Amino acid sequence: MALVVVCGQPSSGKSMAAMCLAEALKGSELKETVRIIDETSFHLDRNQSYANMTAEKNLRGVLRSEVDRSVSKDNIIIVDSLNSIKGYRYELWCLARGAGIRYCVLYCDVEENDCRKWNEERREKGEPTYDDNILEDLVRRFEKPDRRNRWDSPLFELWPQRDGIEKSSAAILDAVSYLTKKVDSKTRHVKILQPTIATQNTRFSEANSLYELDKATQEVTNAIVEAQSKALGGPLNGISLGQSLPTINISRSVGLPELRRLRRTFIKLTGQTSLSGPPPPSDSDSAKRMFVDYLNRELETTA
């Protein structure tokens, strides 16, 4: 249904804002589920996750992958992290567009000195904090969201230092209204992202074609093994998979290791070809036809 990106400097109250938004959404008449995705969901230490660029890149990859698996029209996903790089927010926006759902950014606007002060207060309380050098690096590299960018819009701004963070905060109430408002022909300010042909093809290929390839080629392999077992080493006149499918022509016994190797090679070649040519087969029968043709060519040349 929606993807919410919580954005802000380190120690700016983002987790509190995400929690208040989730509680406010659950307190509404919303039927969809609400889920927060953050570093603690994966037991990741904030200082280790931002210790260097490689660790930070890995962290963003973990969060992005989880968002990609989770976004749907049946739930609201709240991403509670720094989300400080505009290119990364664009990637999240693309995931929302690919899923055809609503998208918004909730920004905790806090002065840098206040972030340093809050981080120190948390340290004195024994709560998780950022090391001073890591905090300074993150503060320096923060890219403030701009509502003129499509990946930063609509933008709901919180001022925690001035107003605090509550379920009743104006920005949170506005976000809840935007996320839960029913869309009809008269609705103008609520935007549901529409997937492009490129995003639809990518998601379809990854979610369906690879699964069908794997399943179909395994069924063909099983059929060959079963037919050879029934023949007890005798000659085979061809293995039929069904009326609409070609016959597997085998003039010699083919062991399971060789079949597995041919199957892996076929899946790899099909995936590579789809990058510059036609997409991989999207249904079981098409995948079986392609694999049988491949086997007939390969087994004929190696006979």
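Everything quoted here is computed from the prediction, not taken from an experiment.
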For Ile78 and Asp38, run side-chain contact (heavy atoms from CB on, under 4.5 Å): C-alpha distance rounded to whole Å, both residues' side-chain angles, the deciding distance at 0.1 Å, then the answer. CA-CA 8 Å; Ile78 302 174; Asp38 56 9; over 6 Å; no
Does Gln228 reach the main-chain N or O of Ser253 with its side chain, forming a donor-acceptor pair under 3.5 Å? no
So for atom CZ, which belongs to Arg141, do other residues, nucleotides or ligands contribute more than 12 heavy atoms lying within a distance under 6.0 Å? yes
Considering residues at least two apart in sequence or located in another chain, which fulfil the side chain to side chain contact (heavy atoms under 4.5 Å, CB included) criterion with Ala17? Leu106, Cys108, Leu158, Ile165
Between Asn222 and Gln218, do the side chains contain a donor N or O and an acceptor N or O under 3.5 Å apart? yes
In this structure, are over 12 heavy atoms from other groups packed under 6.0 Å from Arg148 atom CZ? no
Grouping I, L, V, M, F, W and Y whenever their side-chain heavy atoms are under 4.5 Å apart, do Tyr88 and Leu44 come out in a common cluster? yes
Before giving the answer on salt bridge (charged side-chain N to carboxylate O under 4.0 Å, His left out), spell out for Arg162 and Asp109 the whole-Å C-alpha distance, their side-chain angles and the decisive distance to 0.1 Å. CA-CA 10 Å; Arg162 187 188 71 188; Asp109 191 352; over 6 Å; no
Check Leu179 against Cys104 and note the closest heavy-atom contact, atom names and distance. CD2-SG, 4.0 Å
Within one Ile-Leu-Val-Met-Phe-Trp-Tyr cluster: Ile172 and Val110, side-chain cutoff 4.5 Å: no
Listing request: all side-chain hydrogen bond (donor to acceptor under 3.5 Å, both in side chains) pairs with a residue in residues 17-35, at least two apart in sequence or in separate chains. Arg35-Glu66, Arg35-Ser70
Would you name the heavy atoms of Ala223 and Ile239 that are closest together and state the gap between them? O-CG2, 4.3 Å
Determine, using the 4.5 Å side-chain heavy-atom cutoff (strictly less than), whether Leu82 and Met19 are members of one ILVMFWY cluster. no
Please determine whether the number of non-hydrogen atoms from other residues, nucleotides or ligands lying under 6.0 Å from atom CD of Glu143 exceeds 12. yes
Is it possible for you to check whether Arg263 lies under 6.0 Å from the centre of the six-membered ring of Phe291, through NZ or CZ, and within 45° of that ring's axis? no
Would you say Tyr103 ends up clustered with Leu155 if hydrophobic residues are merged whenever their side chains have heavy atoms under 4.5 Å apart, either directly or through other cluster members? yes
Going only through I, L, V, M, F, W and Y residues with side-chain contacts under 4.5 Å, is there a path from Leu173 to Val34? no
Between Arg102 and Val190, is there a donor-acceptor pair closer than 3.5 Å when you use the side chain of the first and the backbone of the second? no
Taking Asp152 as the fixed residue, which of Arg147, Lys144, Arg89 is the one that meets the salt bridge (charged side-chain N to carboxylate O under 4.0 Å, His left out) rule? Arg89
Parallel, tilted or perpendicular for Trp151 and Tyr90, by the 30°/60° rule? perpendicular
Rounded to the nearest 0.5 Å, what's the gap from CD1 on Ile77 to CG on Leu92? Could you check? 11.5 Å
So Glu136 and Arg140, salt bridge (charged side-chain N to carboxylate O under 4.0 Å, His left out) or not? Walk me through it. CA-CA 6 Å; Glu136 293 301 325; Arg140 177 180 56 82; over 6 Å; no
For Asn47 and Thr129, indicate whether the former's side chain and the latter's backbone hold a donor-acceptor pair under 3.5 Å. yes
Could you pull out all donor-acceptor pairs under 3.5 Å where a side-chain atom in residues 3-13 meets a protein atom, sequence neighbours excluded?
{"from": "Ser11", "atom 1": "OG", "to": "Asn119", "atom 2": "OD1", "distance (Å)": "3.1"}
{"from": "Ser12", "atom 1": "OG", "to": "Gln9", "atom 2": "N", "distance (Å)": "3.4"}
{"from": "Ser12", "atom 1": "OG", "to": "Gln9", "atom 2": "O", "distance (Å)": "2.6"}

Residue pair Tyr50 / Glu39, side-chain donor-acceptor N/O under 3.5 Å: yes
Starting from the C-alpha separation in whole Å, work towards a yes-or-no answer on salt bridge (charged side-chain N to carboxylate O under 4.0 Å, His left out) for Glu120 and Lys117. CA-CA 5 Å; Glu120 185 60 33; Lys117 177 183 176 182; over 6 Å; no
Atom CD of Glu111: over 12 foreign heavy atoms under 6.0 Å: no
Supply the atom-to-atom distance Asp114 CG to Glu121 CD, rounded to the nearest 0.5 angstrom. 9.5 Å
